[in-house]
Amino acid sequence: MLKINNLWATVKDAAILKGINLQINPGEVHAIMGPNGSGKSTLANVLSGRPEYIVSQGEVEFLNQPLLSLTPEERAAQGLFLAFQYPVEIPGVNNLYFLKTAYNSIRKQKGLQPLDAFDFMKLVKDKIALLDMDEKFLHRSVNEGFSGGEKKRNEILQMLILEPRLAILDETDSGLDIDALQIVAKGVNSLRSPERAILVVTHYERLLRYIEPDFVHVLVKGQILKSGDKNLALSLEETGYQELIAEPRAEKH
Amino acid sequence: MTQPLTAWTLENLQSAQKQIPVFAELQAWRSKQLQEFMRLGFPKRRDEQWKYTSLSCLTEKKFTVQSSFRKSALDYSAYYLPDSYRLVFINGEFSPDHSHWQDLPKEITLSRIHNLENSQIDLYHEMSRLPAENALSNFHWLNGALMGDGLFLVMPDKIELTKPLHLLYLSTENNEPLMQHPRHIIHLGQHSRLTLVEEYAGFGDQCYFNNVVSKISLGQGAHLDYYKLQRESAGGIHIANSFIEQGADSRLRAFHTALGGKLNREDFNVLLKGSRAECELSGFYYPKSGQHIDFHTRIDHFDSQTISRQYYKGMIADDGHAVFNGKIIAHPLTKQVQAEQKNYNLLLSDSAGVDTKPELEVYSDEIQCSHGATVGNLDEDAIFYMRSRGISEELARNLLMSGFAQEVLNRIPHVQIAAKLKRATYA
């Protein structure tokens, strides 16, 4: 589904990603872990097409098509979704209207008719119940004045509505208490299916207890130093990243 | 250096005066107004209050007061507000065919300035007196000299008009560039209530000049919701001087929407003269290519426990230019005065410009005062956020823009007026 081949990227002229290789197949859940500044969020943002992130080398294929030449909105229509680490507040734009505009924009790009307000509302109501969200959040401005946990739930709500093929969760666990974490994980897990894949970017192992990964990769200084199964996350939790960083580069996967 | 030729000579203005009918008592008064205007002339850029606004498009042009508009069966219903009283002026002339006021409550005096009865003249003089506290602008004198028709409305005590009163001032094609100097006099008696919508609209891109003076007074406990929609045509010039005097416990909610014209200057003066008088001014301005919109507000707190709140937002596109100058004066010996002023501006292009300036003069001992002004661009993070959800870049920008406007348009309490203003804004 996603093939990353020797990906290098810079932000404001600083090289952050230095040769990433990664393959994600349908149905898989991958986790990328790493210390602060290792390039985890950069990878997530490069994949979703944030303009400030410049790819200097390498290729990415998504669903057997080159990804990097697509605009962010085209990537979304192809089925790529990024749950933001810091969801943006959009004053004056109604959350429900935003959701519907996004949903119908993607339908339009796929050549489908837009869903009318009634059918869309039905769709939304099912999803907010799953996330234990109050309906009043639909009628407020997007993320404006939301608490950290509410913003993250709103990200997952968008994800459930847009039903992406590949969902990337960028530090979705940060700022969440244990209850909110469980709800968010429940939402993500409801999306798991043989046709979909999930990429979880996180600093801590905590989220992976609820969203169980098939593969764990450790990103340090812009490179994947180690890959393994979910036990790698557990061992990192015990030893921390320091030991790994000290290991020789020959360990690179 | 030779002086540029100007059409604004005493001779030209005197002959213009002769073309405007006015009741006898006002003849001498009008000559005095003209004298004063000739003495002052137009404001210059070196005047502090005009340093951001050039008047060359006005001073270098010749205007006539003679409307060539002939009564027509044109349909202006697209401009109408449902369920309202309506007074329509076309090129300065009252159009009874398009108006609807006959079922107004009998106690209300409603007339036109050019149509006053002898018995109303004294009342007119009383109500039209402008506050001595404000230095009157050059345009106010010009308005007096060439005073056109306008609304004369006096509401007695304890009357509530449940339907809005819509004053619709339309400018259509004219053989020569037309100028009109309407003056509106409105008084609300004690504990009376009114919703007033004052609208100026033009067609095509013709050049014309509207120079409006409004004097509004609110008796004790009176309540006025005042909406002004300015959507003159692309070549229109709109200058307005408004004075609102408020008695004790009165309340004003004013809402400006300025969208049209190549030059628009609003001088909005509120005089809080009775204790606990309260005013809330909001506004939205949106100059685009070739447009200049200048808001000067001035609020005088003359008494204790008076409250003023200002919330103005502007979006400036292309090479448009906006000015917001908000002056607050808290006079000596007043106590527990509250004044708040906020001005937010969004620049949509590199050549768009805005000048924003708060002016506070505080002589009061006890005042709670806050003000803030911002100038920014569309939030690129928000645009990326929306694009990552599949929304096109253009639509994302439009959503942000309408969101910015929405925050101020959503403050309008009257549903149908809100709908009308939103339609005008997004047209």
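Convention: sequence-line order gives letters A, B, ...; per-chain numbering from 1.
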> Using non-hydrogen atoms only, which part of A/Asn143 is less than 4.5 Å away from chain B: side chain, backbone, both, or neither?
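Interface part for A/Asn143: side chain.
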> Please indicate whether B/Tyr80 has more than 12 foreign heavy atoms, meaning atoms of other residues, nucleotides or ligands, lying under 6.0 Å from its OH.
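Counting other residues, nucleotides and ligands, OH of B/Tyr80 exceeds 12 neighbours.
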> Heavy-atom distances under 4.5 Å only: say whether B/Leu395 touches chain A with side chain, backbone, both or neither.
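Contact with chain A involves the side chain of B/Leu395 alone.
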> Looking at chain B, which one of A/Glu155, A/Glu52, A/Gln78 has the largest number of heavy-atom pairs inside 4.5 Å, strictly under?
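Winner by heavy-atom pair count: A/Glu155.
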> Which bit of B/Asp381 comes within less than 4.5 Å of chain A, counting heavy atoms only: side chain, backbone, both or neither?
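For B/Asp381, backbone and side chain are both near chain A.
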> Step by step, work out the side chain to side chain contact (heavy atoms under 4.5 Å, CB included) result for A/Ile90 and B/Met386.
CA-CA 9 Å; A/Ile90 314 178; B/Met386 290 194 260; 3.8 Å; yes
> Do any N or O atoms from the side chain of B/Glu407 and from the backbone of A/Pro91 form a donor-acceptor pair under 3.5 angstrom?
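No; judged by distance alone, with no hydrogens or angles, the pair does not exist.
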> First locate atom NZ of A/Lys108, then atom OG of B/Ser392, and finally report the distance between them rounded to the nearest 0.5 Å.
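Between atom NZ of A/Lys108 and atom OG of B/Ser392 there are 7.0 Å.
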> Could you tell me how the ring of B/Tyr385 sits relative to the ring of A/Phe98: parallel (under 30°), tilted (30 to 60°) or perpendicular (over 60°)?
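Parallel, since the angle between the ring planes stays under 30°.
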> Please classify the contact between A/Pro87 and chain B as side chain, backbone, both or neither, with a heavy-atom cut-off of under 4.5 Å.
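Both backbone and side chain.
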> Nearest 0.5 Å please: distance from the CD1 atom of A/Ile106 over to the CD1 atom of B/Ile391.
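The CD1 atom of B/Ile391 is 8.5 Å from CD1 of A/Ile106, to the nearest 0.5 Å.
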> More than 12 foreign heavy atoms under 6.0 Å from NE2 of B/His223: is that the case here?
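For B/His223, atom NE2 is crowded (more than 12 foreign heavy atoms under 6.0 Å).
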> Would you call A/Thr71 and B/Arg387 a side-chain contact if the rule is heavy atoms closer than 4.5 Å?
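They are in side-chain contact.
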> If you tally heavy-atom pairs under 4.5 Å against chain B, which of A/Gln158, A/Glu89, A/Glu74, A/Arg75 wins?
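Option with the greatest count: A/Gln158.
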> Please set out all donor-acceptor pairs under 3.5 angstrom arising from side-chain atoms of residues 113-136 of chain A, sequence neighbours excluded.
residue: A/Asp116; atom: OD1; partner: A/Phe118; partner atom: N; Å: 3.1
residue: A/Asp116; atom: OD1; partner: A/Asp119; partner atom: N; Å: 2.8
residue: A/Asp134; atom: OD1; partner: A/Lys136; partner atom: N; Å: 3.0

> Spell out, as yes or no, whether a donor-acceptor pair under 3.5 Å connects the side chain of B/Arg389 to the backbone of A/Tyr103.
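Answer holds: no.
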> Determine the option with the most heavy-atom pairs under 4.5 angstrom with chain B, choosing from A/Ser141, A/Pro164, A/Gly49, A/Pro72.
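Most pairs with chain B among the choices: A/Pro72.
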> Quick check: closest heavy atoms across B/Ser388 and A/Ala76, and the distance to 0.1 Å?
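What the structure gives for the nearest pair is O-CB, 3.4 Å.
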> Please classify the contact between A/Arg50 and chain B as side chain, backbone, both or neither, with a heavy-atom cut-off of under 4.5 Å.
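Answer is both: backbone and side chain atoms of A/Arg50 are under 4.5 Å from chain B.
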> Ring centroid separation for B/Phe384 and A/Tyr53, is it under 6.0 angstrom?
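Ring-ring flag for B/Phe384/A/Tyr53: false, centres at least 6.0 Å apart.
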> Heavy-atom distances under 4.5 Å only: say whether B/Glu380 touches chain A with side chain, backbone, both or neither.
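No part of B/Glu380 comes within 4.5 Å of chain A.
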